[in-house]
Amino acid sequence: MEQERREHIKRHLDKKLLMRMRIFFVLLVAMTGLVIYDIATDKIHVLLALLGIGIGSIIGFVAGRMFNMKWHPEEKKVIGQLDTLGIIILVLYIAISIGRRWIFAHWLGGATLTAFTFCFAEGAILGRLLSMGRNIKRVLAEEGVVE
């Protein structure tokens, strides 16, 4: 039953959008492994790691807005489009991602800084993935594809 539901939903997702979600998921699993390793080897404390993941998740969730999810009536699929606000958010997201090491270097250093930036990146990926999933579900529900 669950497998049929997943297949039904996948039929209504654009291939590029589905591929983007898969890539984010693979990156999320890899980053989770790195974060667990950093915690296990005492490069970062669990609470600091959770703080980094939390901050990254919030920024990633907001950045998930950069792709506006819409229903394509001819193809009967959900597609992601970049609009003007999305472009602005993308530029800010890239700036924060590039400058995160400098931003966090004010409070952290060495191996802890590196581990914290991995935590932040994992959170950003998680936030983007959750935001995309939420927006896809919203569009599918509006179109009556899912409840």
Side-chain angles (χ1 to χ4, degrees), residues 1-40 43-104 107-108 112-147:
M1 183 78 166
E2 183 65 26
Q3 184 66 23
E4 291 174 16
R5 183 175 182 271
R6 283 185 182 163
E7 290 299 320
H8 177 69
I9 291 172
K10 279 172 52 175
R11 276 187 296 237
H12 294 286
L13 294 180
D14 182 53
K15 288 181 183 184
K16 290 179 186 177
L17 185 59
L18 190 58
M19 182 58 80
R20 190 177 307 136
M21 289 190 72
R22 286 179 178 155
I23 289 170
F24 280 143
F25 182 75
V26 169
L27 288 172
L28 181 65
V29 170
M31 294 302 292
T32 301
L34 284 171
V35 169
I36 290 170
Y37 174 79
D38 285 343
I39 291 170
K43 290 182 182 165
I44 191 167
H45 190 273
V46 174
L47 295 177
L48 189 57
L50 291 174
L51 177 66
I53 292 168
I55 292 169
S57 294
I58 292 167
I59 291 174
F61 197 80
V62 171
R65 167 59 185 91
M66 74 178 83
F67 285 99
N68 189 14
M69 301 297 172
K70 294 182 178 181
W71 182 257
H72 193 283
E74 289 88 32
E75 293 187 27
K76 297 189 187 305
K77 292 184 179 192
V78 178
I79 59 170
Q81 292 182 323
L82 214 61
D83 58 3
T84 306
L85 180 60
I87 292 170
I88 293 168
I89 292 171
L90 176 62
V91 169
L92 290 172
Y93 179 71
I94 290 171
I96 290 171
S97 293
I98 290 172
R100 71 178 180 246
R101 232 179 137 74
W102 176 80
I103 293 167
F104 299 132
W107 299 281
L108 304 169
T112 303
L113 174 60
T114 301
F116 188 82
T117 58
F118 283 136
C119 294
F120 177 85
E122 177 187 3
I125 293 167
L126 176 63
R128 294 248 350 248
L129 193 60
L130 292 174
S131 179
M132 287 172 58
R134 181 175 162 250
N135 291 335
I136 289 169
K137 284 180 184 177
R138 178 187 47 81
V139 172
L140 290 175
E142 287 173 1
E143 293 300 319
V145 176
V146 296
E147 295 108 28

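Heavy atoms only: backbone and side chains are in, while hydrogens, waters and symmetry mates are out.
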Contacts of Phe61 that satisfy ring-ring contact (aromatic ring centres under 6.0 Å, His included) - sequence neighbours left out: none

Under the side chain to side chain contact (heavy atoms under 4.5 Å, CB included) test, residues paired with Leu34 that sit two or more places apart: Met31, Phe118

Closest approach of Leu126 to Ser57 (non-hydrogen atoms, all atoms of both residues): CD2-OG, 3.8 Å

pair Trp71-Leu140: side-chain heavy atoms closer than 4.5 Å: yes

Val46 to Ile39 - nearest heavy-atom pair and separation: CG2-CG2, 3.5 Å

Contacts of type ring-ring contact (aromatic ring centres under 6.0 Å, His included), residue Phe120, not counting sequence neighbours: Phe104

Euclidean distance, Leu108 CG relative to Leu48 CG, rounded to 0.5 Å: 5.5 Å

Phe116 side, atom CZ; Leu51 side, atom CG - distance, nearest 0.5 Å: 4.5 Å

Pairs touching residues 113-126 that satisfy side-chain hydrogen bond (donor to acceptor under 3.5 Å, both in side chains), sequence neighbours left out: Thr32-Glu122, Arg101-Thr114

Sequence neighbours excluded, every pair satisfying ring pair (Phe, Tyr, Trp, His ring centres under 6.0 Å) that has a member inside residues 124-147: none

Only distances under 3.5 Å count here; give the side-chain donor-acceptor pairs of residues 18-29 to other protein atoms, sequence neighbours excluded, each with its distance to 0.1 Å.
none

Residue pairs fulfilling side-chain hydrogen bond (donor to acceptor under 3.5 Å, both in side chains) with at least one residue in residues 126-138, sequence neighbours excluded: Arg138-Glu142

Partner set under ring-ring contact (aromatic ring centres under 6.0 Å, His included) for Trp102, not counting sequence neighbours: His106

